[in-house]
Amino acid sequence: MNTWWESVVAKFQMCFITDDRYMLLVKGFGVTIETSLLAVVIGVIIGMIIALFALSNSKALRMIAKIYTDIIRGTPSVTQLMIIYFVIFATVPLPKWIIASIAFGINSGAYVSEIIRGGILSVDKGQTEAGRSLGLSASQTMKDIVIPQAVKNIFPSLCNEFIVLIKETAIVGYVGLMDLQKAGDFIKSATFEAFLPLIATAVIYFTLIKILTILFSRVETNLRKSDIR
Amino acid sequence: MISVKNLHKSFGDLEVLKGIDLEVKQGEVVVVIGPSGSGKSTLIRCLNMLEVPTDGEVYIDGEMINAPKANIDLMRQKMGMVFQHFNLFPHKTVMENITLAPIRLGKANKAEAENTARELLTRIGLLDKAENYPVQLSGGQKQRIAIARALAMHPEIMLFDEPTSALDPEMVGEVLDLMKDLAKSGMTMVVVTHEMGFAREVGTRVIFMDGGVIVEEGTPDQIFTSAKNERTQSFLSKVL
């Protein structure tokens, strides 16, 4: 019993304390967070634009939206990441994490656009008619009447997409970025000890997402206050 | 105030309106009756361009609303519309529902709009519901709020598209009473309804539609007691 415990402590020391290896996880966590955050912002902006394209009257814009979502959905995100990093942005002098965020944002945008499109279509047509009949313009009606209701409807799916996106950034190691996942992997290679670093990585991801889930559900409750009878 | 000339409307191959001519003068209460699918709702929705006419002309105050360059939004501000399913904005309070359009369209500042809203709510007896959300109201209350919302824009014309058809029977009265008040105040109204009592009592003119055309029109007395057309007689015999 005593020797088993001692070996666990020794391994823990080797994995996280020696050479300040825990700092790898801390920095990796930072990279994961900054990459995910920027990607979410890019994804939402692209998603809104593509959703408006998909719902527009112009055939050409609808076509662009369809081709975009088709390509993104039809290829693995790691392939997209590598193409964007090694081909499209190969000669662009931007920090690695920003290029990675752009890649994830472009990927997420396709899914977000589908969520937003569905959300806008889910708002009863009578709402638009009521807005327009009062003399509001199409864009005022969209902004004041349709989108706020759509946001409420799509909020859970959007949160889910954000969580998927955070976990998806675990593939940035493919383009040489030291995120949380890669940090765990690095410690594993350096120490020949797989269990502790990988479990630590998992626990950090889990905790992050658990906290976000709790925050999201608070916001959702707030959004639903007009549904309370 | 409203002038409709040779109005046609088709949905794909289905021709719903087959040439409607209609004049509505200031202060008139025109009640449109007829069987389901006769085109009544399509007609009233063409008046404020919620449906775009396939052919023909619709004039509001002498301006053609279905002209290519018409400022539809501006012309809609003159016409309030009340829907069968109320279409209150569920994410806004009653107060916000009523004040949204006047504020957004620069008709009033927030304080003025809220004053008007309070006056309207007092008039319909729902001032205590100002801070409630639509989901907390009964059907009759919702429809009265929807009428107040339309009135807050100070419209010259009010369009009612089957305003009591989605209500529980015991709530029909409160909405019709409000509409009667409105008619008495001199509001120009076009009302699509199945409430024959209302048509008879409040209407200055009754229009019977069937199959996409106006079959017969006249004063309530003429239509309800001495309809000339066979189709009118047969419809009335079923609903009265």
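Quick caveat: nothing in here was measured; it's all calculated off a predicted structure. Chain letters run A, B, ... following the sequence lines, proteins first and then strands; every chain starts at 1.
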Does A/F186, at its CZ atom, have more than 12 non-hydrogen atoms belonging to other residues, nucleotides or ligands within less than 6.0 Å? no
With a 4.0 Å cut-off on N to O distance, would you call B/K92 and A/D144 a salt bridge? no
Using heavy-atom distances under 4.5 Å, tell me whether A/Q140 contacts chain B through its side chain, its backbone, both, or neither. side chain
Enclosure of B/K78 NZ (heavy-atom neighbours >12, cutoff 6.0 Å): yes
To the closest 0.5 Å, what do you measure between OG (A/S133) and CD (B/Q77)? 11.0 Å
Enumerate donor-acceptor pairs with a distance under 3.5 Å from any side-chain N or O in residues 102-115 of chain A to protein atoms, sequence neighbours excluded.
{"unit_1": "A/N107", "atom_1": "ND2", "unit_2": "A/Q80", "atom_2": "OE1", "d": "2.7"}
{"unit_1": "A/S108", "atom_1": "OG", "unit_2": "A/E161", "atom_2": "OE2", "d": "2.8"}
{"unit_1": "A/S113", "atom_1": "OG", "unit_2": "A/A110", "atom_2": "O", "d": "2.8"}

Scored by heavy-atom pairs under 4.5 Å with chain A, the best of B/L159, B/N87, B/N48 is B/N87
A/R132 versus B/R76, closest heavy-atom pair with distance: O-CD, 3.0 Å
Rounded distance [0.5 Å steps], CD in A/E129 versus CZ in B/R45: 4.0 Å
Which pair of non-hydrogen atoms, one from A/Q149 and one from B/P90, has the smallest distance, and what is that distance? OE1-CG, 3.2 Å
If one checks every heavy atom of B/M79 against chain A at 4.5 Å, the contacting part turns out to be backbone
Is A/E220 atom CD crowded by more than 12 heavy atoms from other residues, nucleotides or ligands, each under 6.0 Å away? yes
Does any backbone or side-chain atom of B/F89 lie under 4.5 Å from a heavy atom of chain A? Answer side chain, backbone, both or neither. both
Can you establish whether the number of heavy atoms outside B/F11 located under 6.0 Å from its atom CZ is more than 12? yes
Find the distance between CG (B/D73) and CG (A/L136) and round it off to the nearest 0.5 Å. 8.0 Å
At a heavy-atom distance under 4.5 Å, which candidate from B/M49, B/R149, B/M153, B/M81 has the highest pair count against chain A? B/R149
If you count the non-hydrogen atoms of other residues, nucleotides and ligands that lie under 6.0 Å from NZ in B/K180, is the total more than 12? yes
Given side chains that start at C-beta, do those of B/H85 and A/D124 come closer than 4.5 Å, heavy atoms only? no
Taking atom CD1 of B/I72 and atom OG of A/S137, what is their separation to the nearest 0.5 Å? 12.0 Å
Rounded to the nearest 0.5 angstrom, the NE2-NZ distance for B/H91 and A/K152 is 8.5 Å
Is it the case that more than 12 heavy atoms not belonging to A/F89 sit under 6.0 Å from its CZ atom? yes
Working note: A/L134 + B/L100, criterion side-chain contact (heavy atoms from CB on, under 4.5 Å); need CA distance, chi angles, decisive distance, verdict. CA-CA 10 Å; A/L134 288 164; B/L100 177 91; 5.6 Å; no
Looking at A/M23, I want to see if its CE is surrounded by more than 12 non-hydrogen atoms of other residues, nucleotides or ligands under 6.0 Å. yes
